[in-house]
Amino acid sequence: MSGEKTFYITTPIYYVNDVPHIGHAYTTLACDALARFKRLDGFDVRFLTGTDEHGQKVEKSAQAAGVAPQAFTDKVSQNFRDLVGVMNYTNDDFIRTTEDRHKAGVQHLWTKLVEAGEIYLGGYQGWYSVRDEAFYGEDELTTTPGGKKIAPTGAECEWVEEPSYFFRLSAWQDRLLAFYEANPDFIMPPGKRNEVIAFVKSGLKDLSVSRTTFKWGVPVPGDDAHIMYVWLDALANYITALGYPEMEEGGLYKRYWPALHMVGKDILRFHAVYWPAFLMAAGLEPPRRVFAHGWWTIEGQKMSKSLGNVIAPETLVNTYGLDQTRYFLLREVPFGNDGDFSHKQMVARINSNLANDYGNLVQRVLSMIGKNCGGAVPTPGAFIEADDKLLGAAYGLLDAVRVEMDVQAFHRALEIIWNVVGDANRYVDEQAPWALKKTDPARMATVLYVLAETIRHLAILTQPFMPAASAAILAQLALGEDRRGFGTLGAGGALVAGTPLPSPQGVFPRYVEPTEG
RNA sequence: GGCAGCGUAGCUCAGCGGUAGAGCAGGGGAAUCAUAAUCCCUUGGUCGGGGGUUCAAAUCCCUCCGCUGCUACCA
């Protein structure tokens with residue numbers, strides 16, 4: 001709540017023609033974990049997601065469905081709004097490119113670009129595929145015996161000539177390269193950064209930014225024959241959602257821009273090349289960072305409609321549990337790499353990391369406290385070296401985890417937290433509080449206090465990843481909502497001896513294969 | 001084709017000039033507070049092939065083999 005430190009994070013706006021799958025869920029999940037982390041860490045956070053609703057495909061789909069485009073998008077964009085509830089996302093806003101606030105903002109941006117001399121009217125001609133909504137170079141096409149031109153995707157192309165507005169992207173090549181040079185962390189991970197730089201170095205052509213062949217888009221100001229190129233339209237959502245062109249002091253734009261954009265690797269170029277160029281050309285600040293993450297395969301196979309192996313987020317959540325799913329997606333694969341989803345790995349993570357390591361640690365400790373300490377936080381005596389060592393590891397977690405979160409290394413953050421889970425389990429075995437119960441009850445109380453305090457740290461730090469399960473653990477430590485922020489980590493927010501605790505309940509059940517047949 | 005990256009234990013990967021590592025899986029043992037969970041020990045690799053530089057190479061160089069990504073206007 002400081003109001004000083006702000007953090008703005010965005011997902012791509014999802015194309016409404018798609019049905020939400022694990023990939024969409026993953027992108028937004030990463031943003032959600034980061035947004036939650038930053039909020040707990042005292043930042044004033046703005047977390048945006050939304051839907052991209054223009055374009056020829058939408059127009060055609062609406063036509064096929066026999067409804068107006070707006071009615072069509074109203075319906076299908078709901079799929080993405082529903083995902084928010086399914087995955088327990090905490091976005092502060094949900095923008096749709098068909099909203100007036102967006103259209104007005106983009107048109108203003110366009111006008112600015114025209115005034116700056118960055119957009120000019122020219123003509124575009126080439127081989128165009130309606131199905132792909134894309135132009136292809138002559139050398140990419142194959143010619144059928146019948147003389148038809150076929151794109152690499154198999155779609156038929158036709159020769160199209162149309163007037164088009166162009167953005168002077170070619171003029172931005174050197175300034176973009178200078179920007180990447182001055183901001184080495186702008187594109188992450190580093191491998192992707194190199195690809196973008198190589199692309200820009202290879203030479204940039206001016207970009208066609210308007211279309212006249214269909215109508216479902218934002219009209220070009222002053223020339224109704226044209227609508228804007230979908231990417232100029234779509235990318236601008238990141239600032240129109242902040243109220244652009246309103247840029248007054250204390251407003252959303254002033255407060256939150258620039259953003260961290262989380263994107264799939266397929267749309268990296270639009271975000272790392274076109275978007276900063278558009279912004280700089282309009283006299284605006286480029287984004288803070290663009291992070292390109294990888295793709296999921298399913299049981300080793302590429303996800304595709306034809307294979308029928310596309311997984312809906314609801315399916316995962318219903319099968320394995322929400323927090324389990326969130327944990328798996330962020331832990332299993334180094335963020336930025338491609339990963340494979342397999343049932344076997346998912347079950348291994350749930351049973352090993354969650355049920356056995358973390359869940360059982362909590363259960364064994366709280367259960368001993370419940371039975372042997374009168375169901376209240378035990379009263380510690382003097383700490384010995386082993387106590388200080390474990391507590392030190394717990395107290396040191398935030399700094400170590402923060403370093404990883406700041407570079408979006410979610411898997412590393414979780415690994416670091418789990419190192420302390422392991423420390424705590426070893427400590428339990430070494431201290432053997434069940435033996436102390438008979439020989440030295442005061443020492444037992446100290447050991448259990450140290451463990452409870454360690455669990456407090458673990459649960460506070462796992463909140464961004466597994467909000468519901470972490471909340472359940474914190475509730476079992478009788479910590480109210482106001483005692484769960486990162487500001488309470490360390491000795492200052494320590495558990496108070498004598499505080500009554502509710503009776504413990506398991507938080508992470510083992511996954512047992514359904515028995516059938 | 002060009003550019004970039006990768007190939008290390010059964011599996012997923014870390015190490016990137018100084019006597020081969022982690023997690024999981026496999027084997028043995030301890031303990032019994034706990035969701036039969038935990039803890040300890042342990043089997044296992046000529047670090048893709050070949051050549052070179054160096055006192056010393058997964059680690060640097062060359063080459064070959066295999067795999068992946070990028071090579072502009074589909075989100």
Side-chain angles (χ1 to χ4, degrees), chain A residues 12-18 51-58 124 126 128-137 140 151 153 155 164 166-167 169 190-209 211 229-232 234 264-270 273-274 292 294-295 332-334 337-340 342 344-345 348-349 351-372 411-412 415 418-419 422 424-437 444 447-448 451 504-512:
Chain A
I13 46 174
Y14 302 112
Y15 202 55
V16 284
N17 235 23
D18 296 334
T51 41
D52 177 12
E53 311 191 355
H54 289 133
Q56 193 166 19
K57 275 191 206 168
V58 171
Y124 198 95
Y128 183 74
S129 155
V130 174
R131 195 184 87 186
D132 298 342
E133 280 186 42
F135 282 92
Y136 291 96
E140 293 180 89
T153 56
S164 172
F166 283 84
F167 172 73
L169 185 63
K192 293 283 179 268
R193 166 187 152 86
N194 294 338
E195 285 180 8
V196 170
I197 291 177
F199 169 75
V200 174
K201 275 188 176 159
S202 75
L204 295 176
K205 294 185 220 161
D206 287 352
L207 188 68
S208 166
V209 289
R211 295 290 133 88
Y229 171 53
V230 285
W231 270 110
L232 178 57
K265 60 182 182 178
D266 53 332
I267 54 174
L268 174 60
R269 177 184 309 140
F270 302 99
V273 181
Y274 303 167
W295 291 130
E332 179 69 4
V333 174
N337 291 8
D338 288 346
D340 182 54
S342 76
K344 191 178 156 211
Q345 277 304 310
R349 288 287 179 196
N351 286 345
S352 174
N353 299 4
L354 296 181
N356 295 354
D357 295 342
Y358 188 24
N360 184 56
L361 169 71
V362 173
Q363 184 70 11
R364 69 199 299 208
V365 169
L366 293 183
S367 165
M368 274 187 278
I369 290 175
K371 287 175 188 165
N372 304 309
H411 63 295
R412 285 279 308 147
E415 194 180 326
W418 252 254
N419 285 339
N425 271 319
R426 277 184 287 279
Y427 173 89
V428 177
D429 278 48
E430 284 159 13
Q431 300 302 319
W434 52 88
L436 293 168
K437 178 179 169 183
M444 175 198 73
V447 167
L448 292 177
L451 284 164
Q505 303 218 324
V507 173
F508 294 111
R510 289 180 65 76
Y511 179 88
V512 184

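Basis for what follows: all heavy atoms, side chains included, without hydrogens, waters or symmetry-related copies. Numbered from 1 within each chain, the chains take letters A, B, ... in sequence-line order.
Ranking B/C73, B/A75, B/C70 by closeness to the A/Glu195 side chain, first place goes to B/C70. The A/Leu169 side chain lies nearest to B/A72 when the options are B/A75, B/C73, B/A72. The listed nucleotides are B/C74, B/G69, B/A72; the one nearest the side chain of A/Lys192 is B/G69.
Here the closest non-hydrogen pair linking A/Trp295 and A/Lys265 is CD1-CE, 2.9 Å.
Using a 4.0 Å heavy-atom distance criterion, A/Asn194 is classed as making no nucleic acid contact. Counting non-hydrogen atoms under 4.0 angstrom, A/Gly203 reaches a base of the nucleic acid. Nucleic acid contact class of A/Leu204 (heavy atoms, under 4.0 Å, all strands): base.
Once rounded to the nearest 0.5 Å, the distance linking CG of A/Asn17 with NZ of A/Lys57 reads 7.0 Å. Once rounded to the nearest 0.5 Å, the distance linking CG of A/Asn194 with NZ of A/Lys201 reads 9.0 Å.
One finds a salt bridge joining A/Arg364 and A/Asp429 here, because a Lys/Arg side-chain nitrogen approaches an Asp/Glu carboxylate oxygen to under 4.0 Å.
A/Phe166 places its CZ atom 17 Å from the P atom of B/A72, with the value rounded to the nearest Å. Distance, A/Arg211 CZ to B/C74 C1': 11 Å, rounded to whole Å. Distance, A/Ile267 CD1 to B/C70 P: 14 Å, rounded to whole Å. Atom pair A/Tyr229:OH and B/C73:C1' shows a separation of 4 Å (rounding to whole Å applied). In this structure, CG of A/Leu232 is placed 15 Å from P of B/C74, rounded to the nearest angstrom. In this entry the distance linking CD1 of A/Ile197 with P of B/C3 reads 18 Å, nearest Å. For A/His54 and B/C73, the NE2 to P distance is 23 Å, given to the nearest whole Å. Atom NZ in A/Lys201 sits roughly 15 Å away from atom C1' in B/G2 (whole-Å rounding).
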- Task: Summarise how protein sits on nucleotides 30-39 of chain B as a single string, 5' to 3': B when a protein heavy atom is under 4.0 Å from the base, S for sugar-phosphate-only contact, - for no contact.
- Result: -SSBBB-SBS
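A donor-acceptor pair under 3.5 Å is formed between the side chain of A/Trp418 and the backbone N or O of A/Asn353. Here the side chain of A/Tyr15 pairs a donor or acceptor atom with the backbone of A/His54 at under 3.5 angstrom. For A/Asn360 (side chain) and A/Ala355 (main-chain N/O), no donor-acceptor pair under 3.5 Å exists by modelled atom type. Looking only at distances, no side-chain donor or acceptor of A/Asp52 sits under 3.5 Å from a matching main-chain atom of A/Ile13.
Only the C1' atoms considered, B/U8 is 13 Å distant from B/G44, to the nearest whole Å. As rounded to the nearest Å, B/A20 and B/U35 have C1' atoms that lie 38 Å from one another. Spacing of C1' atoms, B/A56 relative to B/G17, comes out at 8 Å, to the nearest Å. Taking atom P in both B/U42 and B/G48, one finds a spacing of 26 Å when rounded to whole Å. Atom name C1', nucleotides B/U19 and B/A25: the rounded distance is 28 Å, in whole Å. Between the P atoms of B/A4 and B/A75, the separation comes to 30 Å (whole Å). Using C1' as the reference atom, B/C62 and B/U53 are 11 Å apart when rounded to the nearest Å. The separation of B/A58 from B/U46, taken at their P atoms, amounts to 13 Å, rounded to a whole angstrom.
Heavy-atom distances to RNA chain B give each of A/Leu207 and A/Pro334 a nearest nucleotide, and the one nearer the 5′ end belongs to A/Pro334. Summary of the strand contacts: A/Glu332 and A/Trp231 both lie near RNA chain B, and taking for each the nucleotide with the nearest heavy atom, the more 5' one is attributed to A/Glu332.
No side-chain heavy atom of A/Leu232 sits under 4.5 Å from any side-chain heavy atom of A/Tyr274. Under the 4.5 Å side-chain criterion, counting only non-hydrogen atoms from C-beta, A/Lys437 is not in contact with A/Pro433.
Not counting sequence neighbours, A/Asp266 has no partner by the side chain to side chain donor-acceptor pair (under 3.5 Å) test.
Regarding the sugar-base torsion, B/A34 falls in the anti class, its angle being beyond 90° of 0.
Paired runs in RNA chain B that reach 3 or more consecutive Watson-Crick or G-U pairs, where each pair keeps both distances under 3.5 Å, cover B:1-7 with B:65-71, B:10-13 with B:21-24, B:26-30 with B:38-42, B:48-52 with B:60-64.
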